Number of protein chains: 2
Amino acid sequence: MQVAIVRTPGQRAGLTQAAVLGAARDVLAEHGLKRLTMRTLAQRLGVAPNSLYSHVPSKDALIDAILDEVLAEVDAPGPDMADPAAGLHQLMLSTYRVLLSQPDLVPLYLARQGARGQNAYRLGDVMLALLGRCGVVGPDAREALRVLIVFTIGFAAFATAAPDQPSADLPLAGEELFDNFSAGLTWLIAGITHG
Amino acid sequence: MQVAIVRTPGQRAGLTQAAVLGAARDVLAEHGLKRLTMRTLAQRLGVAPNSLYSHVPSKDALIDAILDEVLAEVDAPGPDMADPAAGLHQLMLSTYRVLLSQPDLVPLYLARQGARGQNAYRLGDVMLALLGRCGVVGPDAREALRVLIVFTIGFAAFATAAPDQPSADLPLAGEELFDNFSAGLTWLIAGITHG
DNA sequence: ACCTGAACACCGTTCAAGT
DNA sequence: ACCTGAACACCGTTCAAGT
């Protein structure tokens, strides 16, 4: 139960972009994507709906910002890692785990095919560097980059989906799926690096 | 330019579910997903918005029906094909092509992780039969089924995405991507069938 | 600069009523 | 059975105005 913030008229709400983002992630975690509307967000912040537009240009921009913010949690290896193919593998595994930690966002990553903020670009640069050290450069590298991203998000979507027989006492399913994803990654990276 | 159908008051529109579906696919092809609303659909059919609910239970059901209808175009091999792994490969390639022919729908397949109508089930049965003949049965088969589907839809989404440098005079990109998808399929099927 | 009330231009869906 | 007008319960966003 979230009580709306009360202010005397004329008093500033003192919102920041970070506060709006945080509240949006809270709504997402508590009520899911469908309930994340500018109006419920404003209500939670004790503010008029249109006030949000002083801090965020649009709802789409807000969601893009959330998607990128989540990617900050991805554990990226340094681009100078000893085995670049293993580095790529590790990076995608970490991304997969982060995506699974935010199931509501996975369809949004799918729809946008990734994120587009500074965290996304940082990860992309690391991936390109690792690919380059595997001998994959230029347009091939950009293609490989996106294939790896789509593969990872696609698998996360698969793992996030409601299973046919929902059973909480089968943690093996998620673990098996993770192994399956890891195996698929191995094939894909081998193929990309011309194994 | 689509002119609304005119009827004298009291006259039946004579809609059918098939007509609604067809009009929806027309709107999709001409104006894209964003403009596919129950209201524009009704307008095109010369009918009040709520009249559609005499033929379709909800907009979600309408979209599900469209998704499944499109899958009728997939060229499925017989389950008794000589080489079952090759049959799987061929089936996924055909699905990929069909998905690419309807770019607007790809995000919806992604969001729903496939379709759920009779065409989808028919294809699923063929896939399960082929997997069974590869020695993959039971829960493993259902998992492999979904991995193949997610992989295919994910790749289609990748191919459908607006490229960084849009250039209509580079048909190679799509062809290369197709080859890339086909190679990924080979790895995946080999892994699934324990190669 | 930040926030507001009011409005604009929409949605999907339901309901009671007509034929 | 099929279709309607009217309404319900919402959306995202813009605008002019207040402080």
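Remember, it's a predicted structure, so these values are computed and weren't measured experimentally. Residue numbering restarts at 1 for every chain, and letters A, B, ... go by the order of the sequence lines.
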Expressed as a whole number of Å, how far does the P atom of dC10(C) sit from that of dA9(D)? 22 Å
Taking only Lys NZ, Arg NE, NH1 and NH2, and the carboxylate oxygens of Asp or Glu, determine whether Glu69(A) and Arg25(A) approach each other closer than 4.0 Å. yes
Say we look at dC2(C) and dA16(D): how far apart would their C1' atoms be, to the nearest angstrom? 15 Å
Are Phe155(B) and Phe151(A) close enough that their ring centers fall under 6.0 Å? no
Regarding Thr40(B) and Thr37(B), do their side chains bring together a donor and an acceptor under 3.5 Å, going by distance alone? yes
Just compare dT4(D), dG12(D), dT19(D) and give me whichever is closest to any side-chain atom of Arg12(A). dT19(D)
Could you give the CG-to-P distance, from Asp60(B) to dC11(C), as a whole number of Å? 16 Å
Nucleotide dG12(D), atom P - distance to CD of Gln43(A) in whole Å: 13 Å
Atom-pair distance (NZ on Lys59(B); C1' on dT13(C)), nearest Å: 12 Å
Please give the distance between the C1' atoms of dC8(C) and dC11(D) as a whole number of Å. 12 Å
dC2(D) phosphate, OP1 or OP2: any side-chain N/O from Ser51(B) under 4.0 angstrom? no
Compare side-chain N and O positions of Arg35(A) against OP1 and OP2 of dC11(D) and report whether any pair is under 4.0 Å apart. no
Atom CG of Leu33(B) and atom P of dC11(C) are separated, to the nearest Å, by 13 Å
May I have the distance from Tyr53(B) (atom OH) to dA7(D) (atom P), rounded to whole angstrom? 19 Å
Looking at dT14(D), which nucleotide sits across from it as a Watson-Crick or G-U wobble partner, both distances under 3.5 angstrom, or is there none? dA6(C)
Using OP1 and OP2 only, check whether a side-chain N or O of Ser54(A) sits under 4.0 Å from dC3(C). no
Whole angstroms only, please: what is the CD1-P distance between Ile63(B) and dC11(C)? 14 Å
OP1 or OP2 of dA1(C) under 4.0 Å from side-chain N/O of His55(A): no
May I have the distance from Arg39(A) (atom CZ) to dT4(C) (atom C1'), rounded to whole angstrom? 14 Å
With a cut-off of 6.0 Å (strictly less than), are more than 12 heavy atoms of other residues, nucleotides or ligands near CZ of Arg7(B)? yes
Considering only heavy side-chain atoms of Arg7(A), the closest of dG12(D), dC3(C), dT13(C) is dC3(C)
Of Ala13(A) and Thr37(B), the one whose closest DNA chain C nucleotide lies more 5': Ala13(A)
Polar side chain donor-acceptor pair, His89(A) to Ser182(A), under 3.5 angstrom: yes
Atom-to-atom span, CG of Leu62(A) to C1' of dT13(D) - whole angstrom: 14 Å
So which nucleotide does dA1(C) pair with, by the Watson-Crick or G-U wobble rule with both distances under 3.5 Å? dT19(D)
